[in-house]
Protein chains: 2
Amino acid sequence: MAQRAAGTLLANFGRSLAFEEKPNLDEVSCVTHLLVRKLQNFIALSEDEQQAILSLPAGSKRLRGRQMIADDKSLKGAICLIEEGFACRHRTLPDGRRQILSFLVPGDLSDLRVFILGRTDSAVSTLSDVSVSVITPEHLLALTERYPRITRALWWSTLVEESITQEWLVNIGQRSALERMAHLLCELYVRLSAVAQVDVYTFDLPITQSELADTLGLSSVHVNRTLQELRRRELIVFRDHVMELKDVAELKKIAMFSPGYLHLRSVPSFDPAQKATPQTGGR
Amino acid sequence: MAQRAAGTLLANFGRSLAFEEKPNLDEVSCVTHLLVRKLQNFIALSEDEQQAILSLPAGSKRLRGRQMIADDKSLKGAICLIEEGFACRHRTLPDGRRQILSFLVPGDLSDLRVFILGRTDSAVSTLSDVSVSVITPEHLLALTERYPRITRALWWSTLVEESITQEWLVNIGQRSALERMAHLLCELYVRLSAVAQVDVYTFDLPITQSELADTLGLSSVHVNRTLQELRRRELIVFRDHVMELKDVAELKKIAMFSPGYLHLRSVPSFDPAQKATPQTGGR
DNA sequence: TCGACGGATTAACCTATGTTGTTCCCCCTT
DNA sequence: AAGGGGGAACAACATAGGTTAATCCGTCGA
C-alpha cells in the first residue's frame, strides 16, 4: 500500500539515513540529538542535562508505511522519537469517518500522552516508512524524576503541540479549502525546515490526497480541486509525493499564516527572492 | 453588551456563590478545592500535597462578561482558576474571523500556557460574568518546584485539555452541524456535571448563538437552524441561556459521543429514565 | 503477460451551509 | 414614552464543497 511513498522518501535528500543500514551508536545519539535540539527551543539545557538525554537507551526500529504504531508489540507503551519519515495521530468515528489530528515529523515524540495520561485517545500511524528511536517509559520516568528542567521542557513540547492543534482548529473552523491547504503547506514548510528536511522550498510529502482530506476536513475530490487551483496559480508543484513551493510569500498571504504558534526559535525565509536556508544545524 | 448573560447567570442555580459577597477565606479554600478535586482525577494527592494547593495564596476577583482576561492589569501574567461562570480561549484571524478553541468552566485554569510557554497564542475572554481565583506565577512555580507530583498532575491537566481540543477538531472536521451541536451539548453536560453545575439535565449556558457559531465553525444563522431542529425533535429546551437536555441518550447517539476523551473518573448518566446525579461532591 | 487495485483526475450533479436582509422582541437609556 | 441596540428567528437566495461515477495510469501479484 505504501511502496510508492517509501520509494520517493528515499529518492530525495541525500542527507537521509540510508534505510538499510543497521543502527549504530553514532546514529542513535545523532537522533536523540534531534530531541535535544527541539527542547533547546524552550530552555538552554546544561551539559549534564544534554548528556542525560543523549545517553537515553534508545533502540532504533523501522516501520512500514500505513501501520498503526501501537500495533507493534515491541512498542507497547514505549515512546517513539521519529527519526525519519512521516506519521500522524488520528481519531476515527464509529461510522468510519476519520480525522487526522497532527503530523509527526522527524524530531517529534509519538506519544507523551500515554506516558502521562496512562492511556491514549488517539491512534498513531505511520504515513510513510518510518524509523524511530524507542524509549521505554521507565527510562523516561527516571529522566524526568531526576531532571525537573527536562520535565518542564517536555511539558513545554506538549503545549507546543497543543498550540498547533489549536491552529488546526482555526484552520478547519474558519478558513476556506484553498486557505486551509495553503496554511498546511506553510506549516509543513516551517516545521520541516527546522529539522533540515527542506531543500529550496522543496520537501517530501509522502501522503495521499485522501489523507490530506482527512487532515483538512475536506473530501478527497475537493482536495484534488484545491491542489489543481494552487497549481494553476503556479504556487506549487506537487509530483510523486514531492512538494515544491513556488511562491511561499503568496501562500503565506493566502493562508494568513503567521508562524508564532509553532514556537520555534528561528523561522525560515518567506522571501520569494532568496533560497530557504534556515537554521544551520543538521546532521 | 453582556448584561443579559449576567442576569441569567445569576437567576439560576441557588448553589451559585452570591455574586456580591466579599470573598472570605472559606470561599477561597473552597475554590482551590475545585483544583484539588480535578487533579485527583489523575492521581491521589497526599494530605501534604492537598494542603499545599489549598493554601495557595489566591485572591478572588470578579470580571464582567465579554472581557479579555489579559486586559485586566491586575491579572498580568497571573493564572486564573475559574470559580464561577464561563470563559473561553479563542484566536482571531487578521480579517476578523474568530475561532473559539475551548470553554473554561468552573475548576479550569485559564492559562498554564503562559506559565510554561512564556507567551500565549490565544486570548482568554469571559463569556458571562466570572469570578476567578488569581494565582501568581511565582507561587505556582514554587509549588511545582517543591512538589513534582503536582507538576505532573498539572501537566496531566494540560494534556486533558489537548485531548478535548483534538475532539473538537474531529467535531468540526468530520461531523455535520447537527452532530456538532449535539456533541458540544453532551460534552458540556458531562463537564459541568463533574463540577456540580448540572441539575436534572439542565445547566446555564450563558452564551450567544453567534458565539456558538464561532465555536462550531458555523454561521450564526445555521446555528439557529440547528437549534430549531433540535427543538423540533424535542431533544432540547433552550431559553434565556438555560439549556435543558430532554433526551441525552438521543443526543449522545446523534453525536456519536463517547466521553473517554474527557478523562474524568466518573461520568453522569445518559440514561433517559433516571435523573442526573453524578459525583456527589459539591460545595 | 494479464488482471486487479489504489490513487489521481475530472465531470455532472446535489445539498449543507453561508449570506443578506427583514422582523420581532427585550432590555436599557434618556 | 420614545428611541436604540443586540440577539433571536426566519425567509430567500447563493455557493462552497460533497457525492457519484467514469477514466486513466502505474504497480504488483499470479
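Only this structure's heavy atoms are used, side chains among them; waters, hydrogens and symmetry mates stay out. Chain letters run A, B, ... following the sequence lines, proteins first, then strands; residues in each count from 1.
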### Query
Relative to B:F270, does B:K252 satisfy both conditions: NZ or CZ under 6.0 angstrom from the six-membered ring centre, and within 45 degrees of the ring's axis?
yes
### Length of the line joining A:D240:CG and C:dG6:C1', which is rounded to integer Å
15 Å
### Query
Side-chain donor-acceptor pair under 3.5 Å between A:T215 and A:R98, yes or no?
no
### Query
Parallel, tilted or perpendicular: which describes the rings of B:F103 and B:W168, with under 30° parallel and over 60° perpendicular?
perpendicular
### Nucleotide C:dG6, atom P - distance to CD of A:E211 in whole Å
14 Å
### Query
Rounded to whole angstrom units, what separation is found between the CG atom of B:L230 and the P atom of D:dA9?
12 Å
### Query
Do side-chain atoms of A:R89 reach the backbone of A:S122 as a donor and acceptor pair under 3.5 angstrom?
no
### Message
Would you say the rings of A:Y189 and A:F203 are close, in the sense that their centroids are separated by under 6.0 Å?
### Response
no
### Message
If we ignore hydrogens and angles and just use 3.5 Å, is the side chain of B:R175 paired with the main-chain N or O of B:R180 as donor and acceptor?
### Response
no
### Message
I'd like to compare against my own output: the B/S/- annotation of nucleotides 9-17 of chain C with a strict under-4.0 Å heavy-atom distance to protein.
### Response
BBBB----B
### Query
For B:H241 and D:dG7, what is the distance between atoms NE2 and P respectively, to the nearest whole Å?
9 Å
### Task
Just report the end-to-end axis angle for the helix from C:dT1-D:dA30 to C:dT30-D:dA1, five pairs per end, to 10 degrees.
40°
### Task
Nearest whole angstrom, please: distance from the P of D:dA8 to the CD1 of B:I236.
12 Å
### B:R232 CZ - D:dC10 P separation (whole Å)
13 Å
### Short side-chain donor-acceptor distance under 3.5 Å, B:Q166 and A:T165
no
### Message
Please report the interatomic distance CG(B:D247) to NZ(B:K253), rounded to the nearest 0.5 Å.
### Response
9.0 Å
